[in-house]
J.: 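The structure's right below; bear with me while I get my questions together.
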Number of protein chains: 2
Amino acid sequence: MLSAMTATQPLEAILEELEQAEGLAGLQAATEALRIHYQIDHVIYHWVDSAGDQYGCGTYSDTWRNRYLELNYLRVDPVIIGCFQRFHPVDWKRLDWSSKAARAFKSDAIEHGVGNQGFSVPIRGPNGQFALFTVNHTCDDAHWAEWTELHRRDLILIAHYFNEKALDFEPERTPEQSQALSPREIDAMTLLAMGYSRAQVADTLSISEHTLRVYIESARFKLGAMNTTHAVARAMSRGLIVV
Amino acid sequence: MLSAMTATQPLEAILEELEQAEGLAGLQAATEALRIHYQIDHVIYHWVDSAGDQYGCGTYSDTWRNRYLELNYLRVDPVIIGCFQRFHPVDWKRLDWSSKAARAFKSDAIEHGVGNQGFSVPIRGPNGQFALFTVNHTCDDAHWAEWTELHRRDLILIAHYFNEKALDFEPERTPEQSQALSPREIDAMTLLAMGYSRAQVADTLSISEHTLRVYIESARFKLGAMNTTHAVARAMSRGLIVV
DNA sequence: TTTCTACTCCCCAGAAATAGTGAGGGTCGA
DNA sequence: TCGACCCTCACTATTTCTGGGGAGTAGAAA
């Protein structure tokens with residue numbers, strides 16, 4: 001199976017198809033196409049969210065997908081936990097499967113058709129957006145290592161394109177435009193986000209604490225925030241300050 | 001110049017070189033190699049951070065690099081601000097240059113050898129790590145559009161590889177993943193980031209304000225934060241909470 | 001079993017932030 | 001020239017946070 005793979009010319013065609021994809025259904029179709037193209041068991045793209053698995057597509061069975069959500073495997077899955085801390089794409093073998101919950105999860109997964117080998121690419125967008133692009137298969141370690149080595153770059157690019165599309169479909173994810181902050185307000189928000197107290201910020205900016213307070217209040221007003229912490233949080237999530 | 005570019009066979013060689021790169025000097029050499037290879041004015045990879053531009057490499061002049069740091073252009077640069085809110089790689093023309101500070105920045109940049117055209121790829125790692133990979137050049141819009149279209153995929157991959165290397169070289173940059181927050185701590189931080197006061201948060205979570213305080217304090221401790229605002233800011237920038 | 005972590009509750013005093021109003025001078029664009 | 005916005009400074013009373021203690025439960029891990 002794996003050895004029959006053609007490493008030539010796949011990327012272009014697949015990326016073209018991805019670029020044409022419309023809506024979640026388009027992405028779903030792309031995962032199926034990739035699965036067939038690469039002749040592997042599964043291809044999955046999914047958005048990982050504090051609220052759970054609200055968005056994604058892939059070739060897993062509905063049974064497994066539902067089970068994953070119901071049993072809240074999100075909090076147990078070593079793939080999620082491990083990828084969340086990494087930048088590099090990662091082979092599942094390198095993750096930490098030592099806990100009892102993780103082992104139980106794995107055997108349950110395999111029972112539901114998930115391959116024993118896997119490779120996942122973490123992807124991050126603005127505002128803490130986090131998603132995974134995963135391929136998995138059933139085969140031995142040597143074949144899998146060879147296959148992932150061969151297609152590593154393709155998978156990174158494909159993951160990137162999947163996420164681009166997913167973000168396009170979810171425009172409400174992009175931070176809303178708000179009134180810009182003045183330079184002094186940005187200074188104030190930035191220093192506050194760095195943990196300085198008002199007194200320290202005022203001192204750092206060489207202004208009186210009274211003046212500083214005016215900036216904080218006007219920033220709060222512009223951002224529609226109820227208190228300083230809220231204002232800083234909004235400024236950060238809108239990309240107005242970088243901390 | 002641009003038309004003399006060879007689009008064939010570059011990616012492999014360049015990525016090979018990148019994979020061999022050792023230390024920041026290796027990345028620096030890679031930017032230079034890329035600049036020559038693509039025959040463009042500049043190639044830059046840099047990490048964006050509250051503390052400023054402490055880590056990066058590229059082909060800008062030292063004069064400009066220092067000026068950028070001294071004048072704290074980090075807080076003004078529309079490339080930073082724009083890319084921070086995006087996932088897609090972005091042409092500089094599509095950014096918001098309308099503010100006075102932004103226009104002043106741009107003309108200053110061009111005076112110091114930065115090209116009038118630019119293309120930047122935002123890259124994000126764990127714990128809120130954020131970096132940019134930028135190429136820029138002096139030419140007209142049509143040529144630039146053609147060139148970026150041609151090399152878009154390569155640039156995404158190169159950006160990815162740069163960041164992999166940079167993270168490998170700077171393990172201490174991502175240490176503070178230390179302890180994850182407990183579920184209750186995440187609840188507390190999230191609600192605080194949404195602007196709730198302690199009383200409101202306690203009420204929402206149906207716990208006493210005293211208990212809430214314990215969570216806030218332990219979260220603050222885990223995050224190494226000096227106050228609540230700081231803790232929320234860190235939790236956000238490390239992607240522990242999403243608001 | 002023991003240890004560890006998470007979760008819950010309590011008191012108090014001092015430090016810090018907030019609300020409400022005000023005022024003057026500067027720059028910039030219409 | 002005039003409005004709009006930015007930067008700077010001031011007072012008082014009230015609310016909210018913070019830092020220092022201590023203590024018991026339950027569940028999971030070693």
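Just the heavy atoms: all of them, side chains too, but no hydrogens, waters or symmetry mates, feed the values below. Chain naming here is simple, since letters A, B, ... match the order of the sequence lines and numbering starts at 1 in each.
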J.: Using heavy-atom distances to pick each residue's nearest nucleotide on DNA chain D, tell me which of A:L181 and A:I207 is more 5'.
T.: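 Per heavy-atom nearest nucleotide, the more 5' residue is A:L181.
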J.: Would you mind reading off the distance between A:E185 atom CD and D:dC7 atom P, rounded to a whole angstrom?
T.: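 After rounding, the reported distance stands at 7 Å.
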J.: Side-chain N or O of A:S182 less than 4.0 angstrom from OP1 or OP2 on D:dC6?
T.: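 No, outside the criterion.
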J.: Where do B:Q117 and B:D91 come nearest, in terms of heavy atoms and distance?
T.: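 Smallest heavy-atom distance, with atoms named: OE1-OD1, 4.5 Å.
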J.: OP1 or OP2 of D:dT8 sitting under 4.0 Å from any side-chain N/O of A:R184?
T.: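 Yes, because at least one side-chain N or O of A:R184 sits under 4.0 Å from OP1 or OP2 of D:dT8.
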J.: Rounded off to whole Å, could you give me the CG-to-C1' distance for the A:L191 and C:dA17 pair?
T.: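 Those two atoms, CG and C1', are 17 Å apart.
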J.: Starting at the 5' end of nucleotides 11-30 of chain D, put B wherever the base has a protein heavy atom under 4.0 Å, S where only the sugar-phosphate does, and a dash everywhere else.
T.: BB----BBBB----------
J.: A:S208 side chain N/O closer than 4.0 Å to the phosphate oxygens (OP1, OP2) of D:dC9?
T.: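 Looking at the OP1 and OP2 atoms of D:dC9, one of them is under 4.0 Å from a side-chain N or O of A:S208.
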J.: Which is it for A:K93 and A:W144 under the side chain to side chain contact (heavy atoms under 4.5 Å, CB included) test, yes or no, and what are the steps along the way?
T.: CA-CA 10 Å; A:K93 275 192 296 297; A:W144 188 244; 3.9 Å; yes
J.: What is the distance from atom OG1 of A:T59 to atom CD of A:Q28, rounded to the nearest 0.5 Å?
T.: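 Answer for the OG1-CD pair, A:T59 versus A:Q28, is 8.0 Å.
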J.: Provide, to the nearest angstrom, the distance between the CD1 atom belonging to A:I186 and the C1' atom belonging to D:dC7.
T.: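 To the nearest whole Å, that distance equals 15 Å.
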J.: Is A:Y215 near enough to D:dT8 that one of its side-chain N or O atoms lies under 4.0 angstrom from OP1 or OP2?
T.: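 Result: yes.
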J.: Between B:A131 and B:N163, which heavy-atom pair has the shortest distance, and what is it?
T.: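 Distance-wise, the nearest heavy atoms are CB-OD1, 3.6 Å.
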J.: Any side-chain donor paired with an acceptor under 3.5 Å for A:Y215 and A:D187?
T.: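 The criterion, which ignores hydrogens and geometry beyond distance, is not satisfied for A:D187 and A:Y215.
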J.: Please determine if a side-chain N or O atom of A:K222 lies less than 4.0 Å away from the OP1 or OP2 oxygen of D:dC5.
T.: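 No, because none of the side-chain N or O atoms of A:K222 sits under 4.0 Å from OP1 or OP2 of D:dC5.
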J.: Less than 4.0 Å between a side-chain N and a carboxylate O, is that true for B:R213 and B:E209?
T.: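 Salt bridge flag = no for B:R213 with B:E209.
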J.: D:dC7 P sits how many Å from A:D187 CG, rounded?
T.: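 Answer to the nearest Å: 8 Å.
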